[in-house]
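One structure is given below, encoded as structure tokens.
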Amino acid sequence: MAEKAVLVVSFGTTHLDTLEKTIQPIEWDIAGQMPGRVQRRAFTSGMILRRLAEREGLRIDDVPQALERLAAEGCADVVLQPTHIMNGDEFDKLCTQAEPYRGRFRRMSFGRPLLTTLEDYRDLTAALMDLLPEAEEGTAHVFMGHGTEHYANAAYCQLEYMLHDQGRTDAVLGTVEGYPGLEEVFHRLGERRMVKKVVLHPLMVVAGDHAKNDLAGDEPESWRSRLLARGYQVDCEQKGLGEYPQIRALFVRHALEAEETCRVRA
């Protein structure tokens, strides 16, 4: 019987190679720091869950299924820790789906997405600066985020401002589905007239479809191809944020803080 549990909730990915390099290590790091809790997994993307079941025969719980399973096992105390970047649509979905189960547990607590408080932005900025090489004249580092129509999309601009405030004006952020987009990235690079080389990085927990295709793919519309067409030398770094211990540690801290909140409110 699982008296206490931590449910690590991700958007998910159909790319099993990056799942093993990103989501799984986050789960393991959280479990390692919360030894009194059984660790479980859930994904919020219904599309990904269906594809994994159909193509890989891999069945992963969504949030209601995972909570139902824990409640049936007699779990009384659960921490839900998202691996989402921001407090956007997927985190809203997580909270909405979990709330009806609150009465099934003695205690339930939610950890924060990666970017929530000002301290979170400072911590991620510090982690990214630690991971970036020394600034080099003529080189810019472009980060691709997912982007969303949700108001939480403003997180990307704030993170870019904070990187610039720390002296990394060579860092530019763009998104696939929000603002700033690739056209804004072109504009930012144009403002830095000495830039000849661009290093592309996914600003996503997993390096899945967007990183492999939209960012670094050979198709004419990929960011890599469009930058090459404009005369830039382009390198691609295809590691998801979950591959970096410095960033996994931020999710671990959020889970531990949620556990403490849960304990204090008991």
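Starting from 1, each residue takes its place in the sequence as its number.
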Under 3.5 Å donor-acceptor, [X] side chain and [Y] backbone:
X	Y	answer
Arg102	Met108	yes
Tyr156	His146	yes
Lys4	Val78	no
Arg192	Arg188	yes
Thr175	Pro180	yes
Arg107	Asp77	no
Asp120	Thr117	yes
His150	Ala152	yes
Glu20	Asp17	no
His254	Pro113	yes

Side chains of [X] and [Y]: does their closest heavy-atom pair fall under 4.5 Å?
X	Y	value
Leu241	Leu114	yes
Glu177	Asn153	no
Glu56	Leu16	yes
His141	Val172	no
Leu124	Leu159	yes
Met144	His201	no
Leu52	Ile60	yes
Arg59	Gln65	no

Taking all atoms of both residues into account, what is the closest heavy-atom pair of [X] and [Y], and its distance?
X	Y	value
Gln246	Leu250	O-CG, 3.6 Å
Ala255	Ile30	CB-CG2, 4.1 Å
Leu173	Glu160	N-OE2, 2.8 Å
Phe143	Trp223	O-CZ3, 4.3 Å
Thr44	Lys93	O-NZ, 2.8 Å
Ala155	Tyr121	CB-OH, 3.1 Å

If two hydrophobic side chains count as joined below 4.5 Å and joins carry through other members, does [X] share a cluster with [Y]?
X	Y	answer
Ile85	Tyr151	no
Val252	Leu131	yes
Val195	Leu182	yes
Tyr244	Val206	yes
Tyr179	Leu115	no

Intermediate values then yes/no, salt bridge (Lys or Arg N to Asp or Glu O under 4.0 Å), Arg106 and Glu3: CA-CA 10 Å; Arg106 186 172 71 249; Glu3 172 67 20; 3.5 Å; yes
Determine, step by step, whether Glu68 and Tyr101 satisfy the side-chain contact (heavy atoms from CB on, under 4.5 Å) criterion, reporting the C-alpha distance in whole Å, the side-chain angles of both residues, the deciding distance to 0.1 Å, and the verdict. CA-CA 8 Å; Glu68 185 67 43; Tyr101 289 85; 3.3 Å; yes
Atom pair [atom1] ([X]) and [atom2] ([Y]), whose distance is rounded to the nearest 0.5 Å:
X	Y	atom1	atom2	result
Asp62	Arg50	CG	CZ	10.5 Å
Thr18	Ile23	OG1	CD1	7.5 Å
Leu67	Asp61	CG	CG	9.0 Å
Gln81	Gln39	CD	CD	11.5 Å
Arg69	Cys75	CZ	SG	13.0 Å
Ile48	Asp209	CD1	CG	9.0 Å

Run the numbers on Val199 and Val142 for side-chain contact (heavy atoms from CB on, under 4.5 Å), then give the verdict. CA-CA 6 Å; Val199 183; Val142 172; over 6 Å; no
Could you please spell out the steps behind the side-chain contact (heavy atoms from CB on, under 4.5 Å) verdict for Leu19 and Thr14? CA-CA 8 Å; Leu19 187 154; Thr14 58; over 6 Å; no
Is it the case that [X] and [Y] place a side-chain donor and acceptor less than 3.5 Å from each other?
X	Y	answer
Asn87	Thr116	yes
Glu191	His187	yes
Thr22	Glu243	no

For atom CD of Gln33, is the number of surrounding heavy atoms from other residues, nucleotides or ligands below 6.0 Å larger than 12? no
Mind running side-chain contact (heavy atoms from CB on, under 4.5 Å) on Leu200 and Val234 for me, showing each step along the way? CA-CA 7 Å; Leu200 294 171; Val234 182; 3.7 Å; yes
Arg41, Arg37, Arg40 screened by salt bridge (charged side-chain N to carboxylate O under 4.0 Å, His left out) with Glu27, the one that passes: Arg41
